[in-house]
Novice: 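Supplied in structure tokens, the structure appears directly below.
These numbers come from the heavy atoms of this one structure, side chains and all, not from hydrogens, waters or symmetry mates.
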Amino acid sequence: MSPAAFSSSTLLLTVYTIVSKVHSDRNVYPSSGVLFVHVLEREYYKGEFPPYPKPGELSNDPITFNTNLMGYPDRPGWLRYIQRTPYSDGVLYGSPTLESVGKPTVIEITAYNRRTFETARHNLVINIMSAEDFPLPYQAEFFIKNMNVEEMLASEVLGDFLGAVKNVWQPDRLNAINITSALDRGGRVPLPINNMKEGVYVMVGADSPFSSCLREVENPQNQLRCSQEMEPAISCDKKFRAQFQIDWCKISLVDKMKVVYITQEVIRGDGILPDVGEYSPPSDTLRSRDYYSDFLITLAVPSAVALVLLAILAYIMCCRREGMEKRNMQTPDIQLVHHSAIQKSTKELRDMSKKREIAWPLSTLPVFHPVTGEMVPTMQTDTYDNTNMPLMQTQQSLPHQTQIPQQQNAGEFRMTTFQRLEVNGIPEERKLTEAMNL
């Protein structure tokens with residue numbers, strides 16, 4: 001095998017190509033005003049993707065779905081879609097409207113394999129049929145607290161609920177009209193504790209009046225209990241309690257036979273323009289207008305005002321200055337002398353501060369004479385240059401110093417120098433007198 005053929009075969013084995021498969025359309029025929037539910041089964045779409053990792057081995061790839069009306073980015077207003085996780089089936093549900101009857105609605109369904117990034121596309125054609133008894137005259141909406149919308153859409157659960165409602169209502173014809181999640185009605189997402197559910201609204205319709213059990217919600221006693229956030233006393237609640245927890249305070253009973261449809265004729269007023277036909281733009285024979293004079297007026301007037309203000313400001317700043325000579329003439333002599341004295345004193349203080357030198361810290365010098373007890377004076381910095389002064393003051397003979405012999409080992413003596421302390425140049429003799437009196 002040539003190297004080029006080997007490299008190409010290796011590339012085919014290691015690189016996965018994203019493939020999109022389009023299949024034939026699928027037709028469904030729901031009725032208007034009746035709940036429509038279509039399940040997008042993951043098992044059905046798994047066959048569209050190649051097996052992994054080995055042929056014949058079961059795989060559980062995550063698959064998500066995207067649904068939209070053909071030629072549009074979203075679905076029709078009456079159609080909703082839900083899929084909790086990539087490992088659960090998707091569900092299309094809703095109640096077809098009367099306006100969509102006779103118009104095929106093509107829904108594009110795109111399945112995404114989130115592991116291999118392959119796609120498969122199907123078209124769902126919804127042919128909405130007209131219901132003979134649409135709309136059903138009596139409609140009731142229940143709020144079920146212990147269900148999520150995808151759980152309620154299951155045929156078994158929905159059948160059990162319709163059976164319980166039929167047992168209480170006992171109509172000749174009963175249909176589920178619509179199902180809505182509580183989140184779509186402004187409900188809050190429940191906390192993930194105690195297996196709490198979102199809640200779901202289920203609307204059903206029948207051809208017979210409401211039963212006495214359903215009418216119990218309208219009693220004044222139950223209305224008062226609902227206003228106090230207490231559960232009303234409903235005799236038929238036990239027929240639902242085994243599987244469905246119904247909030248009877250949120251039940252809604254609608255009698256279409258008593259609803260009066262008011263059609264108002266449009267009255268032309270201030271908010272409606274009269275019908276004057278099509279818009280007729282102006283012709284090309286309009287006389288041209290000269291805007292040169294308007295341009296001059298717009299620029300010349302502000303410019304002239306600005307120049308006048310600038311001239312006034314320049315005159316005030318440049319031609320009206322008094323000067324130092326005029327100021328001194330108008331100032332009293334005593335004030336000038338006082339000001340001059342302050343300036344002279346300030347200058348002398350600044351000159352004196354430049355000549356100041358930092359004194360040595362007293363902690364580095366001896367304080368008392370070891371024999372006489374006299375306080376040692378500080379070093380005078382006016383006579384000696386501190387910059388050349390050694391660290392050990394005993395190495396040089398300075399004024400106001402006293403040398404005292406100190407005995408060393410074997411009869412040897414060593415001269416130790418101490419400096420006398422002065423206060424403002426005057427030796428502190430009082431310390432010696434105090435020491436002699438002790």
Side-chain angles (χ1 to χ4, degrees), residues 72-74 186 188 264 266-365 367 375-393 396 398-400 419-428:
Y72 295 90
D74 203 355
R188 300 180 61 181
Q264 297 181 354
V266 178
I267 301 176
R268 299 186 183 274
D270 298 335
I272 301 178
L273 297 177
D275 188 7
V276 294
E278 297 181 357
Y279 171 71
S280 178
S283 61
D284 299 335
T285 60
L286 292 177
R287 182 169 58 90
S288 60
R289 181 180 176 183
D290 187 11
Y291 292 95
Y292 183 73
S293 59
D294 297 340
F295 175 75
L296 291 179
I297 294 174
T298 304
L299 294 182
V301 174
S303 300
V305 174
L307 290 176
V308 172
L309 295 177
L310 182 62
I312 296 174
L313 181 62
Y315 174 75
I316 294 175
M317 297 295 295
C318 300
C319 302
R320 298 290 297 175
R321 298 186 61 182
E322 295 180 354
M324 295 180 59
E325 184 177 354
K326 185 176 181 180
R327 183 198 64 185
N328 295 337
M329 291 176 61
Q330 296 179 355
T331 305
D333 294 340
I334 186 63
Q335 187 175 354
L336 291 176
V337 173
H338 188 202
H339 179 70
S340 177
I342 293 175
Q343 284 188 336
K344 184 178 179 180
S345 301
T346 304
K347 184 176 181 303
E348 291 179 357
L349 290 175
R350 288 178 179 176
D351 294 339
M352 294 173 62
S353 65
K354 294 179 181 179
K355 298 179 181 180
R356 289 187 301 178
E357 296 181 1
I358 302 175
W360 284 61
L362 297 178
S363 61
T364 61
L365 302 176
V367 180
M375 182 177 293
V376 180
T378 58
M379 180 180 56
Q380 299 297 322
T381 59
D382 296 338
T383 308
Y384 299 96
D385 187 7
N386 291 337
T387 59
N388 298 324
M389 184 176 293
L391 295 178
M392 299 298 297
Q393 299 296 322
Q396 296 184 4
L398 300 176
H400 310 293
Q419 187 178 12
R420 298 176 59 194
L421 179 63
E422 294 184 358
V423 179
N424 295 329
I426 302 174
E428 188 68 28

Novice: Any chance you could measure R289, atom CZ, to D294, atom CG, to the nearest 0.5 Å?
Specialist: 5.5 Å

Novice: Does any non-hydrogen side-chain atom of I342 lie less than 4.5 Å from one of K347?
Specialist: no

Novice: Using 0.5 Å steps for rounding, measure from the SG atom of C318 to the CG atom of L313.
Specialist: 8.5 Å

Novice: Quiz question: by atom type and distance under 3.5 Å, do the side chains of Q343 and H339 form a donor-acceptor pair?
Specialist: yes

Novice: To the closest 0.5 Å, what do you measure between CG (D351) and OG1 (T346)?
Specialist: 11.0 Å

